Amino acid sequence: MHRLLLLLTCVLAACSAATPASSAEGLGVQRLRCEYLRDPLGIDETRPRLSWIVTSDKRNQRQTAYQIQVASGIEALADGRPDRWDSGRIESDRTTFVEYAGKPLASRDRCYWRVRCWDAQGVPSDWSEIALWTMGLLEGSDWSAEYVSFADDSPVHKDSESLYLPAARQYRKDFEAAKKVRRATVYATALGVYELHLNGQRIGDRYFAPGWTDYDRRAYYQTYDVTGLVQQGDNALGAWVADGWYSGYVGFGLLVGIGTESIGRYTYGKTPAVLAQLEIEYDDGSRDTISTDASWKVTGEGPIREADLLMGEAYDARRELDGWASPGYDDSRWDPAVLAKDQPRVTAQFVEYRDPEQPGQAPQKHSRPIDLGFQRPRLEAFPGEKVVVTQELPTQSVTRQGEGTYLFDLGQNFAGVIRLKVKGPVGQRVKIRYGEMLHPDGRLMTENLRTARATDFYTLRGDPDGETYQPRFTFHGFQYVELSNFPGEPTKETVTGLALHSDTPLVSELECSDPMVNRLIENIRWTQRANFLDLPTDCPQRDERLGWTGDAQAYVAAAAYNADIGAFYTKWLRELMESQRPGGQFPGYAPYPFQHEWSFGTAWADAGVICPWTIWQAYGDTRVIDHCWPGMVRFMEFHQRTTKDGLGIAHGNSWGDWLAQEDQPPLEYIDTVYKAISAQKMIEMAEATGRDAAADRYRAYLDRLKRAFADKYFDDDGALKLTMQTAYALALQADLVPDELRERAGADLAARIKANGARMATGFLGTRPLLPTLTATGQNDLAVFLLQSHEFPSWGYEIDQGATTIWERWDSYTRDDGFGRHNAAMNSFAHYAFGAVAEWVFADLAGIRADGVGYGRVTIRPMPPTPGSNGDHEPIDWVRARYESIRGPIRSEWRVDGDRFELTAEVPANTTATVHVPADSAESVTLDGAPLGETPGAELTGYEAGRAVVRVGSGVWSFASRHGMGTAEEAITATAEGGE
Ligand code: BGC
């Protein structure tokens, strides 16, 4: 690794010396990515897609052509010998997802690449910095390694009253590297979760590899460059392996009595196994491969006595095997590894629900025999973002709670583990419990963890210099840590929080004049970080942590404003497609370890269309459509099959507008709406990918839904017959309200909200479109009012109760009633669904959105509230927002100052924007202090809806206007109705 860096630096220095710096004034090529990732190792896309951004200090700058060069070696590239691919000069403004079209790629190929572009004046840029991708093992025959495991004579645990938590295993192998090493690469995976070590050092920094898939069918492997770790002479490779999702406790299996033997563990098999292949390339070109096989040694006598994602880890430092992953370690007391394929067959009963065969009946539990023995999954390169520690959270306060018992407050609810520092007598066992909240009397609140034990134990080895512990194979959702049986007096340094999540780059910033809203944005971001952990989960703390599809579809667009989720979702969409039921429906969560109740829930299932569509929209990635297309088509067939008289039906799980504060719209209404939402998205995706016949088919289906919906749900007067807030918001979101009735529907929705004390009443489904549809139908002041509200139910209310994340319920905890309002078991403090409002905050309040897909064109259309429109709070009068799109940074900063409106818009190079400036007339708008029309590159194209519409090229543009909004005639005020 270090050598690569050194080499890279030298070559780059040589490059920049050779190239005049002045080639194109300020036009640069940056952020080179391959399949969304920076310098990914071991990919298996044989036509990987390359993306970059272009930057310029000049306005109206764009790329008119590009050239990509790919070489097998860094020197070759720097010397201008691109032996894999030279695209030559391609006349195109494209900067995203350019498919590699060079020599066919084979396993292990190294591809160094660089890009240059030509600007609007035809001047070439410098070459970009050099980036890298490497190919993984593309053929089954590339693998000589075999899965190894240990002699597992434990009986299948069948008792739901006691936990079965086996020790993590350590595997090792000594080997010799005979000659000078040029390069060393490890490819590895596990049925379970693993961590590799080489010569005493941990390889990489990822947690919970290989990630969760349906291991019976498919698993991911990871690739690591270990060139810097392998030495000429004696070496040792080691692996820790624990149960993970493969055989540990998963989801609510134990709680509801489903899964293998009704206890929710051993979902995919009984005995974890590991597969590792270290390939060494010597300076002389010869090679060696060290593979897991029967010559490896294994022990279960090491320090990790228990290791379970939900239950926690128990670490006995007295059992540490010093030097176990270093050469020369005496492993004579270790056991020989067992080839996983030689493990005996193990049968068990698998219990899950089954959809009824007869209509009108309910799903019933059903049991069938399964084989818990080894099955070799198909391997794929891990396409996502690795889970890593992204932040350390210092303890804010320590409170003594009793003899040896202390409570640590980390000041922020998050997901991850801790670093414990402790000094004390050998054999003392410290118990570590985690909680998101405290009871009013100061005790840790753990009722909401349900059957997740979420407890770690650390047994001291008695080191007089103190000892440090950090769990490897578990994570918790928490803000508070309780240590009991702690020796001595702890300090704040005793516990440090380590936030763990998939390393999706955070891509935005937003600040406005309302501090509560700023905290809200932070809370949403923390909740996303806590739940984007290998897969998008509902919550990180209780015995669930499942890829709930309803939550995912409601939140995915907001997620894309917060972070670059392209690779993360590329991974999870594979699991989502894999989870599809034989009837075509997508289930309530993916992966789908076991069925609970019905396999289908309306609006949850639609994640199978909404999530791929959103990724395509945010990044312009059409391959995601192609990958998901067959599954999406089968799902639409399911939709069509379950359509009656052009409408949806009440079927499956009746989550509906889950956690709404008023009566829900009937399930068949929600089903109709989601059928329409999915159909619309399918039309758009079909059109974008040349599937014209499919687009026609879905258009006909959607027309029929629209007509039937209008007939059934609108009265002669044009009013929606249902009066719930969610009913309006969903109908507007799904475009089921005829154009001429939209404004009316918005006004009716506003009236319903005002009649409810100017309070929301929407649940998981209705909250997401509520503010967007209000804004879109002329009710923006009310939308901003709801955002800023502190009355129950609202985001501000939750923050006033102390929230640092988004809660499952608005009043999961209240200062007045504690946890008393709800069932403790369904009370998560890190659930992102209500955080979907971030989408509106960026798209409407700040006004940053893509015009079309992938931000090639941008719309900047801020939606300030009318001055004086909020009777309870000062309405927001400035916003500063920045979003790092796939085409570069976009900025919208606006301020209302008396009669004056100021807007600074930043548009990435090679894109154009339509900027909508609130103004009493186009004439009152200035750009850089001069009247519009005097600045090249900015063109007034019209005046609509109280806004001057200006087309601009790239660059930073400062507008000012007389906004003409005046002052609201009547301020909105929350009243007691419908609330507290
Ligand atoms: C999860 C949700 C999920 C829901 C289905 C819950 O237990 O935590 O977020 O969508 O079940 O209603």
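Everything numeric here is computed off the predicted structure, so don't read it as measured data. Both ligands and their constituent atoms are indexed starting at 1 by order of listing.
By the 30° and 60° cut-offs, the orientation of the rings of Trp245 relative to Phe208 is perpendicular.
Judged as a side chain to side chain donor-acceptor pair (under 3.5 Å), and not counting sequence neighbours, the contacts of Asn827 are Ser812. Evaluation of the side chain to side chain donor-acceptor pair (under 3.5 Å) rule for Thr260 yields no partner, not counting sequence neighbours.
Within 4.0 Å of ligand 1, the residues that place a heavy atom are Asp538, Arg542, Glu544, Trp548, Asp551, Trp604, Trp655, Trp658, Phe764, Glu808, Met826, His831, listed by chain and number.
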Please list, one pair per line, the donor and acceptor atoms closer than 3.5 Å that link side chains of residues 553-560 to other protein atoms, with sequence neighbours excluded.
residue: Gln553; atom: NE2; partner: Ala603; partner atom: O; Å: 2.9
residue: Gln553; atom: NE2; partner: Tyr674; partner atom: OH; Å: 3.3
residue: Tyr555; atom: OH; partner: Gln528; partner atom: OE1; Å: 2.6
residue: Tyr555; atom: OH; partner: Asn562; partner atom: ND2; Å: 3.3

Applying side-chain hydrogen bond (donor to acceptor under 3.5 Å, both in side chains), run through Arg815 and Tyr813 and close with a yes or a no. CA-CA 7 Å; Arg815 296 203 191 272; Tyr813 168 87; 5.2 Å; no

Thr213 vs Lys571, side-chain hydrogen bond (donor to acceptor under 3.5 Å, both in side chains): CA-CA, chis, key distance, verdict: CA-CA 10 Å; Thr213 54; Lys571 174 198 174 279; over 6 Å; no

